[in-house]
Amino acid sequence: MVKGKTPVESVQTFGRKRTATAVAHCIRGRGLIKVNGSPIDLVNPPLLRDKIREPLHLLTKDRYSNIDIRVRVRGGGYVSQIYAIRQAIAKGIVAFHQKYVDEASKREIKQVLLQYDRTL
(Lines give C-alpha, C1' and ligand atoms only; values in the text may rest on other atoms or scores of the structure.)
Protein backbone atom coordinates (compact mmCIF):
# COMPACT_ATOMS: atom_id res chain seq x y z
CA MET A 1 0.00 0.00 0.00
CA VAL A 2 1.23 3.49 -0.83
CA LYS A 3 2.24 5.54 2.18
CA GLY A 4 -0.18 8.34 3.05
CA LYS A 5 -3.14 6.96 1.09
CA THR A 6 -6.23 5.83 2.94
CA PRO A 7 -8.01 2.73 1.67
CA VAL A 8 -11.19 3.37 -0.30
CA GLU A 9 -14.33 2.20 1.49
CA SER A 10 -16.24 0.31 -1.18
CA VAL A 11 -18.40 -2.74 -1.71
CA GLN A 12 -19.57 -4.41 -4.90
CA THR A 13 -22.89 -6.26 -5.10
CA PHE A 14 -25.05 -7.67 -7.86
CA GLY A 15 -28.71 -8.09 -8.63
CA ARG A 16 -30.29 -10.52 -11.04
CA LYS A 17 -33.62 -10.93 -12.73
CA ARG A 18 -33.89 -13.63 -15.37
CA THR A 19 -30.95 -12.93 -17.73
CA ALA A 20 -30.34 -9.32 -16.65
CA THR A 21 -27.41 -8.73 -14.29
CA ALA A 22 -26.67 -5.44 -12.54
CA VAL A 23 -23.48 -4.78 -10.59
CA ALA A 24 -23.53 -1.95 -8.03
CA HIS A 25 -20.26 -0.42 -6.86
CA CYS A 26 -20.85 1.53 -3.63
CA ILE A 27 -18.22 3.92 -2.27
CA ARG A 28 -18.29 6.58 0.42
CA GLY A 29 -19.34 9.84 -1.22
CA ARG A 30 -22.12 12.40 -1.57
CA GLY A 31 -25.18 10.31 -2.44
CA LEU A 32 -24.83 10.16 -6.23
CA ILE A 33 -26.58 7.29 -7.98
CA LYS A 34 -25.72 6.53 -11.59
CA VAL A 35 -26.90 3.77 -13.89
CA ASN A 36 -24.62 2.95 -16.84
CA GLY A 37 -22.97 6.36 -16.38
CA SER A 38 -26.12 8.49 -16.42
CA PRO A 39 -28.09 9.84 -13.43
CA ILE A 40 -30.93 7.76 -12.02
CA ASP A 41 -33.45 10.40 -13.18
CA LEU A 42 -32.67 9.68 -16.85
CA VAL A 43 -33.33 5.93 -16.75
CA ASN A 44 -35.81 4.74 -19.37
CA PRO A 45 -38.68 3.87 -19.44
CA PRO A 46 -39.95 6.74 -17.26
CA LEU A 47 -42.82 4.66 -15.86
CA LEU A 48 -40.38 2.25 -14.21
CA ARG A 49 -38.08 4.90 -12.65
CA ASP A 50 -40.05 4.69 -9.42
CA LYS A 51 -39.30 0.96 -9.26
CA ILE A 52 -35.57 1.77 -9.12
CA ARG A 53 -36.16 4.38 -6.42
CA GLU A 54 -38.18 2.01 -4.17
CA PRO A 55 -35.24 0.98 -1.94
CA LEU A 56 -34.36 4.68 -1.56
CA HIS A 57 -37.94 5.68 -0.68
CA LEU A 58 -38.16 2.96 1.97
CA LEU A 59 -35.00 4.13 3.74
CA THR A 60 -34.40 7.51 5.30
CA LYS A 61 -32.11 9.88 3.37
CA ASP A 62 -29.33 9.68 5.98
CA ARG A 63 -28.95 5.93 5.31
CA TYR A 64 -27.66 6.44 1.78
CA SER A 65 -26.72 10.14 1.57
CA ASN A 66 -23.03 9.37 2.20
CA ILE A 67 -22.81 6.55 -0.39
CA ASP A 68 -22.14 6.96 -4.13
CA ILE A 69 -23.66 4.09 -6.11
CA ARG A 70 -22.61 3.29 -9.66
CA VAL A 71 -24.58 0.54 -11.38
CA ARG A 72 -23.71 -1.33 -14.58
CA VAL A 73 -26.43 -3.48 -16.10
CA ARG A 74 -26.34 -5.96 -19.00
CA GLY A 75 -28.59 -8.55 -20.57
CA GLY A 76 -32.31 -9.15 -20.44
CA GLY A 77 -35.11 -6.78 -21.37
CA TYR A 78 -35.67 -3.37 -19.91
CA VAL A 79 -38.13 -4.55 -17.21
CA SER A 80 -35.72 -7.25 -16.05
CA GLN A 81 -32.92 -4.71 -16.03
CA ILE A 82 -34.97 -2.36 -13.84
CA TYR A 83 -35.60 -5.13 -11.29
CA ALA A 84 -31.92 -6.16 -11.35
CA ILE A 85 -30.83 -2.53 -10.75
CA ARG A 86 -33.28 -2.21 -7.88
CA GLN A 87 -31.97 -5.37 -6.23
CA ALA A 88 -28.32 -4.38 -6.70
CA ILE A 89 -28.90 -0.95 -5.11
CA ALA A 90 -30.68 -2.47 -2.10
CA LYS A 91 -28.01 -5.14 -1.58
CA GLY A 92 -25.26 -2.53 -1.97
CA ILE A 93 -26.66 -0.28 0.76
CA VAL A 94 -27.04 -3.26 3.11
CA ALA A 95 -23.51 -4.53 2.39
CA PHE A 96 -21.97 -1.06 2.85
CA HIS A 97 -23.64 -0.65 6.24
CA GLN A 98 -22.55 -4.13 7.30
CA LYS A 99 -18.93 -3.51 6.36
CA TYR A 100 -18.38 0.14 7.29
CA VAL A 101 -21.14 1.29 9.66
CA ASP A 102 -22.46 -1.29 12.13
CA GLU A 103 -24.39 -4.53 12.27
CA ALA A 104 -27.43 -3.02 14.02
CA SER A 105 -28.13 -0.48 11.26
CA LYS A 106 -27.60 -3.21 8.66
CA ARG A 107 -30.24 -5.37 10.36
CA GLU A 108 -32.72 -2.47 10.49
CA ILE A 109 -32.24 -1.68 6.79
CA LYS A 110 -32.51 -5.31 5.77
CA GLN A 111 -35.67 -5.80 7.82
CA VAL A 112 -37.35 -2.75 6.24
CA LEU A 113 -36.46 -3.87 2.72
CA LEU A 114 -37.48 -7.50 3.22
CA GLN A 115 -40.74 -6.51 4.86
CA TYR A 116 -41.63 -4.49 1.76
CA ASP A 117 -40.46 -6.97 -0.87
CA ARG A 118 -38.59 -10.19 -0.32
CA THR A 119 -36.63 -9.88 -3.60
CA LEU A 120 -34.85 -6.82 -2.20
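Note that CG of Leu114 is 9.0 Å distant from OG1 of Thr119, once rounded to the nearest 0.5 Å.
Nearest heavy-atom pair across Ala95 and Thr13 is CB-CG2, 3.8 Å.
Hydrophobic clustering (ILVMFWY, side-chain heavy atoms < 4.5 Å, transitive): Ile69 and Leu32 are in distinct clusters. Tracing side-chain contacts under 4.5 Å through hydrophobic residues (I, L, V, M, F, W, Y), one reaches Val43 starting from Val79; they form part of the same cluster. Residues Val11 and Phe14 do not share a hydrophobic cluster, defined by chaining ILVMFWY side chains whose heavy atoms lie under 4.5 Å apart.
By the 6.0 Å contact criterion, CZ on Arg74 is open, its count of non-hydrogen atoms from other residues, nucleotides or ligands being 12 or less.
Listed by chain and number, the residues in a side chain to side chain contact (heavy atoms under 4.5 Å, CB included) with Ala22 are Val71, Val73, Ala84, Ile85, Ala88 (sequence neighbours excluded). Contacts of Gln98 classified as side-chain hydrogen bond (donor to acceptor under 3.5 Å, both in side chains), with partners at least two apart in sequence or in another chain: none. With sequence neighbours excluded, the residues satisfying side-chain hydrogen bond (donor to acceptor under 3.5 Å, both in side chains) with Thr60 are Asp62. Residues satisfying the salt bridge (charged side-chain N to carboxylate O under 4.0 Å, His left out) test with Asp41, not counting sequence neighbours, are Arg53. Residues satisfying the side chain to side chain contact (heavy atoms under 4.5 Å, CB included) criterion with Pro45, sequence neighbours excluded, are Leu48, Tyr78.
In this structure the side chain of Asn44 reaches within 4.5 angstrom of the side chain of Arg49, judged on heavy atoms. Between Cys26 and Gln12 there is no side-chain heavy-atom pair separated by less than 4.5 Å. Side-chain contact between Pro55 and Leu113: present, with at least one pair of heavy atoms (C-beta onward) separated by less than 4.5 Å.
Screening Leu120, Ile67, Ile52, Val94 for a side chain to side chain contact (heavy atoms under 4.5 Å, CB included) involving Ile89 leaves a single residue, Ile52.
Within the structure, side chain to side chain donor-acceptor pair (under 3.5 Å) contacts touching residues 100-110 (residues at least two apart or in different chains) are Arg63-Glu108, His97-Ser105, Asp102-Ser105, Glu103-Lys106. For residues 20-39, the pairs satisfying salt bridge (Lys or Arg N to Asp or Glu O under 4.0 Å) are Glu9-Arg28, with sequence neighbours left out. Every pair passing side chain to side chain donor-acceptor pair (under 3.5 Å) that includes a residue from residues 83-95 is listed here, sequence neighbours excluded: Glu54-Arg86, Arg86-Asp117. The list of ring pair (Phe, Tyr, Trp, His ring centres under 6.0 Å) pairs with a residue in residues 39-67, not counting sequence neighbours, is empty.
The hydrophobic cluster containing Val8, built from Ile/Leu/Val/Met/Phe/Trp/Tyr side-chain heavy atoms closer than 4.5 Å, also comprises Ile27.
Not one N or O on the side chain of Arg72 forms a donor-acceptor pair closer than 3.5 Å with the backbone of Val23.
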